[in-house]
Amino acid sequence: MNDMNIVERNVTTDTFKITARKVQVYYGEKHAIKDVDVDILDKTVTAFIGPSGCGKSTFLRCINRMNDTIDVARVEGEIKLDGENIYDKRVDPVQLRAKVGMVFQKPNPFPKSIYDNVAYGPRIHGLARNRADLDEIVEKSLRGAALWNEVKDRLQEPGTGLSGGQQQRLCIARAVATAPEVLLMDEPCSALDPIATSQVEELIDQLRKEFSVVIVTHSMQQAARVSQKTAFFHLGNLVEYGDTDDIFTNPQDPRTESYISGRIG
Ligand SMILES: Nc1ncnc2c1ncn2[C@@H]1O[C@H](COP(=O)(O)OP(=O)(O)O)[C@@H](O)[C@H]1O
Ligand SMILES: [Mg+2]
């Protein structure tokens with residue numbers, strides 16, 4: 001395993017939001033994530049890049065235990081959030097996912113009103129004492145997702161009636177409504193047009209003031225634009241991790257170099 005060891009640079013000893021050690025994921029016999037160690041900072045955007053099928057989504061799903069929902073998936077190793085092992089038997093995955101929110105590739109609003117999409121999480125987690133509280137959470141979340149001005153007069157209309165970019169921002173609002181600490185985004189712009197993409201990228205830059213953001217992207221340009229840290233995955237290994245600028249201008253591993261220069265992937 002060690003010949004595949006990660007080249008780690010510029011990783012300071014700041015307190016880490018997430019620490020992963022020796023993480024393995026198997027889908028039946030298939031070993032999809034191999035011995036991954038990584039430390040993820042708070043108030044930072046970390047990008048996961050690498051060729052299709054290298055394990056980016058699989059590893060992202062380890063961070064909020066979404067792989068638990070896949071029958072054949074098995075996760076080993078340790079992932080800590082603020083020093084607590086999220087795979088501990090005492091951890092309730094539903095509670096965990098309120099703390100570690102997720103936004104998917106295709107916007108997936110519930111078939112409910114704009115208001116109810118955002119209010120859903122706070123309601124099931126009992127975060128509002130009364131309607132005024134809930135109204136406040138909904139407004140704050142929609143503002144946080146840079147969507148409030150576009151929807152404030154139509155909160156009772158269906159979320160599915162919004163444009164694709166608005167729907168994705170609605171999903172971001174829904175994720176932030178439960179006051180998470182970490183936001184996981186799996187190629188959140190891949191179904192969006194360039195204008196909606198740049199709005200979501202701007203939003204990601206805002207979100208990092210409050211959250212630890214981890215984004216999977218197949219676009220190296222996007223990784224370079226939005227992230228401060230980048231992790232390069234290849235065939236289930238985390239090959240290289242460091243400051244985004246360094247990864248793109250001075251990669252240490254030949255596999256990273258090939259990928260960013262367009263020779264693989
Ligand atoms: N639900 C699943 N069942 C079986 N194999 C899977 C499943 N999801 C992903 N894989 C396999 O795991 C590997 C990593 O996939 P994935 O994490 O989706 O890669 P990426 O997001 O980098 O494209 C691939 O070989 C893929 O075929
Ligand atoms: Mg993926």
Side-chain angles (χ1 to χ4, degrees), residues 1 4 6-7 18 20-38 40 45-79 86-87 93 96-97 100-108 164 168 171-172 175 182-192 197 200-201 204 213-227 229-242 244 247-248 251 253-265:
M1 297 270 163
M4 293 293 189
I6 155 182
V7 180
I18 299 158
R21 291 294 176 270
K22 298 215 163 305
V23 175
Q24 324 284 337
V25 182
Y26 300 88
Y27 293 109
E29 296 288 295
K30 186 181 164 62
H31 195 177
I33 288 292
K34 300 166 186 164
D35 229 17
V36 167
D37 287 0
V38 70
I40 292 173
V45 179
T46 301
F48 290 173
I49 64 167
S52 178
C54 67
K56 304 177 297 293
S57 297
T58 298
F59 187 68
L60 193 75
R61 286 196 299 267
C62 292
I63 304 174
N64 69 347
R65 290 185 53 176
M66 282 294 281
N67 289 317
D68 290 20
T69 65
I70 301 174
D71 267 355
V72 293
R74 196 171 88 244
V75 179
E76 292 174 3
E78 180 187 86
I79 298 183
I86 64 168
Y87 284 90
L96 174 71
R97 289 176 203 137
V100 184
M102 194 160 196
V103 175
F104 299 87
Q105 209 162 331
K106 273 185 61 188
N108 59 348
Q168 196 60 307
C171 293
I172 293 169
V182 180
L183 269 183
L184 307 177
M185 305 181 134
D186 195 349
E187 304 202 22
C189 301
S190 64
L192 306 183
T197 295
V200 170
E201 287 183 0
I204 291 169
V213 180
V214 186
I215 178 175
V216 168
T217 176
H218 64 257
S219 158
M220 288 183 272
Q221 291 78 4
Q222 180 168 71
R225 284 192 299 265
V226 304
S227 73
K229 295 281 180 185
T230 293
F232 170 67
F233 288 81
H234 185 244
L235 298 175
N237 298 289
L238 201 180
V239 170
E240 190 163 346
Y241 172 54
T244 297
I247 296 283
F248 284 103
D253 189 286
R255 291 165 290 181
T256 320
E257 212 274 320
S258 299
Y259 181 70
I260 64 169
S261 63
R263 282 198 293 275
I264 52 170

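Sequential numbering from 1 along the given sequence is applied to the chain's residues. Note that ligands are numbered from 1 as they come in the structure, with each ligand's atoms numbered from 1 the same way. What you see is a predicted model; the values in this text were computed from it and never measured.
Aromatic ring centres of Phe232 and Tyr259: separated by under 6.0 Å.
Every residue two or more places apart in sequence or in another chain was checked for a side-chain hydrogen bond (donor to acceptor under 3.5 Å, both in side chains) with Tyr26, and none qualifies. Shown here are the side-chain hydrogen bond (donor to acceptor under 3.5 Å, both in side chains) partners of Thr244, two or more places apart in sequence or in another chain: Ser227, Thr230.
Residues Ile49 and Phe248 are in side-chain contact: their nearest non-hydrogen atoms beyond the backbone lie under 4.5 Å apart.
Using a cutoff of 4.0 Å between basic side-chain nitrogens and carboxylate oxygens, Glu257 and Arg255 are not scored as salt-bridged.
Partner of Val226 under the side-chain contact (heavy atoms from CB on, under 4.5 Å) criterion, chosen from Val213, Thr217, Val45: Val45.
In summary, the side chains of Arg97 and Asn64 do not present any donor paired with an acceptor at a separation below 3.5 Å, with no hydrogens or angles considered.
Among protein atoms, those of element N, O or S found less than 2.8 Å away from the Mg ion (ligand 2) are Ser57 OG.
Gln168 contributes a side-chain N or O that, together with a main-chain N or O of Pro188, makes up a donor-acceptor pair within less than 3.5 Å. When atom types are taken as modelled, the side chain of Glu240 and the backbone of Asp253 share a donor-acceptor pair closer than 3.5 angstrom.
Using a 4.0 Å heavy-atom criterion, the residues that approach ligand 1 are Tyr27, Lys30, Ala32, Pro51, Ser52, Gly53, Cys54, Gly55, Lys56, Ser57, Thr58, Arg61, Ile70.
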